[in-house]
Participant: 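If you scroll down you'll find the structure; I have some questions about it.
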Amino acid sequence: MKNLFVTYRRDSEKNPVYNIGPVRDFNADHVFDCGQCFRWRRLDDGSYTGIASGKIANVAYGDGQVRITGLFGTTEKTDVRDFWIDYLDLNRDYGKIKRRLKKDDPVMTSAIKEGKGIRILNQDLWETIVSFIISQNNNIPRIKGCIEGLARLAGDPIVGDKDEAYLVPKGNGRMGESVHGLYTLEGLQPYTIPSPEKLASMTVEDLAPVKLGYRAKYLIETAKTVCEKGLPGNMEELNALTGVGPKVANCIGLFGLGLTDSFPIDVWVARVMSKYYGFKEDDFDGMRAYAEEHFGEYSGFAQQYLFYHIRQNQ
DNA sequence: CGGCAGGCGGTTA
DNA sequence: TAACCGCCTGCC
């Protein structure tokens, strides 16, 4: 545990504002736009508002401090200390990780230069399972839309003891924001991702409005498995879930179980490994072996830097 | 402009 | 190895 200090004040509108520091290696765009999460939205001021584990916050970074505000549906002070600091992975030394990955690797060096503020979020396991089953063979705007739609259809409303929750930006016409709406509190209630019990009790017909396609039955099947056997605790149990193959299992392992040696290979990572490391685009075994040998316990971080790099330069 | 492939942060049978 | 939901983009 590093020595992070949390300071607290209220702004002119009486909102609680928490500043956490000293924190280096943090950039909100890098953190929330490197493909690991789907419920965060960028505001005009560069901050992000999102939902995780039924809690809502607005996160920004500046002057070596992470600013958390707009808390809602939470007990505030305790949540900053007990939830958000860990969720944002603020106790991890990314300088060490980056030095190790950059060593003798010009590709990682430039990838890290580009995504230097990436942090791997410690996300709720069940929410990660749901999110990444939905993500398969799907694109990001639609994934976001499906998750919001699922939450609204089957999740629990998130209620707070005050009115001033933070808002997401006005719709910009992109899918997932215009179709399913924004989770402002002015006219639209925010919802949690539904529990395993709730999903297990539903049918494919029930979920039809969310338009998950063939993924709906995977979700229900997996929910039933979790209700019966509990949440998965390792790669083997993840791979046994319906709708969870190698790529999705690695994503869940990395984001939901903290298995930092995971190396999810999606089309983009395959592309970057082919472009810069000389692999054939379908040589997943070769890529996995390379990651294991060269990135080792930091494979997950390497994957995030590479993913962000190729997405920025596509 | 309208219709129709091609593709998507893959997995299943 | 092809089929798969659904919705996007690009092409004609």
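Naming: A, B, ... by sequence-line order, numbering from 1 per chain.
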Participant: Picking from C:dC7, B:dG10, B:dG9, which would you name as closest to the side chain of A:Phe307?
Facilitator: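 That would be B:dG9.
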Participant: Taking any heavy-atom pair under 4.0 Å as a contact, classify A:Ile133: base, sugar-phosphate, or nothing.
Facilitator: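 Counting heavy atoms under 4.0 Å across all strands, no contact is made by A:Ile133.
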Participant: Heavy atoms only, 4.0 Å cut-off, all strands: where does A:Ile265 land among base, sugar-phosphate and nothing?
Facilitator: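 It contacts nothing in the nucleic acid.
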Participant: To the nearest Å, how far apart are A:Asn137 CG and C:dA2 C1'?
Facilitator: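 Rounded to whole Å, this separation is 13 Å.
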Participant: Given the P atoms of B:dG9 and C:dG10, what is the spacing between them in whole Å?
Facilitator: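 It comes out at 14 Å once rounded to the nearest Å.
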Participant: So that I can tick it off, tell me whether A:Arg92 and A:Asp89 are bridged by a salt bridge, with the cut-off set at under 4.0 angstrom between side-chain N and carboxylate O.
Facilitator: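 Counted as a salt bridge, because a side-chain N and a carboxylate O are separated by less than 4.0 Å.
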Participant: Round to a whole Å and report the spacing from NZ of A:Lys217 to C1' of B:dA13.
Facilitator: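 Computing the A:Lys217:NZ to B:dA13:C1' distance gives 10 Å.
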Participant: Calculate, to the nearest 0.5 Å, the distance between atoms CD1 and CG belonging to A:Ile129 and A:Leu231 respectively.
Facilitator: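 Nearest 0.5 Å value for the CD1-CG distance: 5.5 Å.
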Participant: Can you tell me the distance, in whole Å, between the CD atom of A:Glu221 and the P atom of B:dT11?
Facilitator: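 Taking CD of A:Glu221 and P of B:dT11, I get 17 Å after rounding.
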Participant: Tell me whether the side-chain N or O atoms of A:Arg142 pair up with the base of C:dC8 as donor and acceptor below 3.5 Å, since no angle test is needed here.
Facilitator: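 When only heavy-atom distances are counted, A:Arg142 does not reach the base of C:dC8 through any donor-acceptor pair under 3.5 Å.
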Participant: Between A:His30 and A:Glu114 (side chain of the first, backbone of the second, donor and acceptor by atom type, cut-off under 3.5 Å), is there such a pair?
Facilitator: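 Yes, because the side chain of A:His30 sits within donor-acceptor range (under 3.5 Å) of the backbone of A:Glu114.
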Participant: How is A:Val269 classified with respect to the nucleic acid when contacts are heavy atoms under 4.0 Å: base, sugar-phosphate, or nothing?
Facilitator: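 No contact at all - A:Val269 keeps every heavy atom at 4.0 Å or more from the nucleic acid.
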Participant: Select from A:Arg311 and A:Tyr218 the residue whose nearest nucleotide in DNA chain B is closer to the 5' end of that strand.
Facilitator: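 That would be A:Arg311.
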Participant: Expressed as a whole number of angstroms, how long is the span from A:Ile143:CD1 to B:dT11:P?
Facilitator: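 Going from A:Ile143 (CD1) to B:dT11 (P), I get 12 Å.
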Participant: P atom, B:dG3 versus C:dC5: distance in rounded Å?
Facilitator: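 So the two P atoms sit 24 Å from each other.
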Participant: Calculate the interatomic distance between A:Asp282 atom CG and C:dT1 atom C1'; express it in whole Å.
Facilitator: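 Going from A:Asp282 (CG) to C:dT1 (C1'), I get 14 Å.
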Participant: Under a 3.5 Å cut-off for both distances, is C:dC5 Watson-Crick or wobble paired, and to whom?
Facilitator: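 Result: none.
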Participant: Does A:Arg271 make a side-chain N or O approach to OP1 or OP2 of B:dC8 shorter than 4.0 Å?
Facilitator: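 Indeed, a polar side-chain atom of A:Arg271 lies that close.
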Participant: Using a cut-off of 4.0 Å on non-hydrogen atoms, how would the nucleic acid contact of A:Pro246 be classed: base, sugar-phosphate, or nothing?
Facilitator: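 If one applies the 4.0 Å heavy-atom cut-off, A:Pro246 turns out to touch the sugar-phosphate alone, with no base involved.
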Participant: What about A:Lys247, does its side chain sit under 3.5 Å from the base of B:dG10 through a donor-acceptor pair?
Facilitator: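 For A:Lys247, whose side chain was compared with the base of B:dG10, there is no donor-acceptor pair (under 3.5 Å).
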Participant: With a 4.0 Å cut-off on heavy atoms, is A:Lys211 in touch with a base, just the backbone sugar-phosphate, or nothing at all?
Facilitator: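 Contact class for A:Lys211: sugar-phosphate only.
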Participant: Taking the P atom in each of B:dT12 and C:dC7, what is the distance between them to the nearest angstrom?
Facilitator: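 Looking at atom P only, B:dT12 and C:dC7 are 23 Å apart.
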Participant: For B:dG6 versus C:dC4, give the span between their C1' atoms, rounded off to a whole number of Å.
Facilitator: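 Those two atoms are separated by 15 Å.
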Participant: Between C:dA3 and B:dA5, how far apart are the two P atoms, rounded to whole Å?
Facilitator: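 Nearest-Å result for C:dA3 against B:dA5 at atom P: 14 Å.
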Participant: Counting side-chain heavy atoms from CB outward, which of B:dG9, C:dG6, B:dG10 is closest to A:Trp268?
Facilitator: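 The answer is B:dG9, which lies nearest to the side chain.
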Participant: Take the protein atom CG of A:Asn138 and the nucleotide atom P of C:dC7, then report the distance between them rounded to whole Å.
Facilitator: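 The answer, rounded to whole Å, is 10 Å.
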Participant: If you assign A:Asn239 and A:Cys37 each to the DNA chain B nucleotide with the nearest heavy atom, which residue ends up on the more 5' nucleotide?
Facilitator: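 Its nearest nucleotide lies further toward 5', so the answer is A:Cys37.
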Participant: Could you state the CD1-C1' distance from A:Ile252 to B:dT11, rounded to the nearest angstrom?
Facilitator: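 Atom-to-atom, A:Ile252 to B:dT11, this comes out as 12 Å.
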Participant: Say whether, by atom type as modelled, one donor and one acceptor occur between the side chain of A:Thr260 and the main chain of A:Glu297 under 3.5 angstrom.
Facilitator: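 Flag set: sc A:Thr260 to bb A:Glu297 pair under 3.5 Å.
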Participant: Listed by chain and number, what are the salt bridge (charged side-chain N to carboxylate O under 4.0 Å, His left out) partners of A:Lys247, not counting sequence neighbours?
Facilitator: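 Scan of A:Lys247 (salt bridge (charged side-chain N to carboxylate O under 4.0 Å, His left out), adjacent residues dropped) gives none.
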Participant: Consider only side-chain N and O atoms of A:Asp105 and A:Tyr277, and report whether a donor and an acceptor are under 3.5 Å apart.
Facilitator: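 Short answer, yes.
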Participant: How many Å lie between CG on A:Leu254 and P on B:dG9, as a whole number?
Facilitator: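 Taking CG of A:Leu254 and P of B:dG9, I get 18 Å after rounding.
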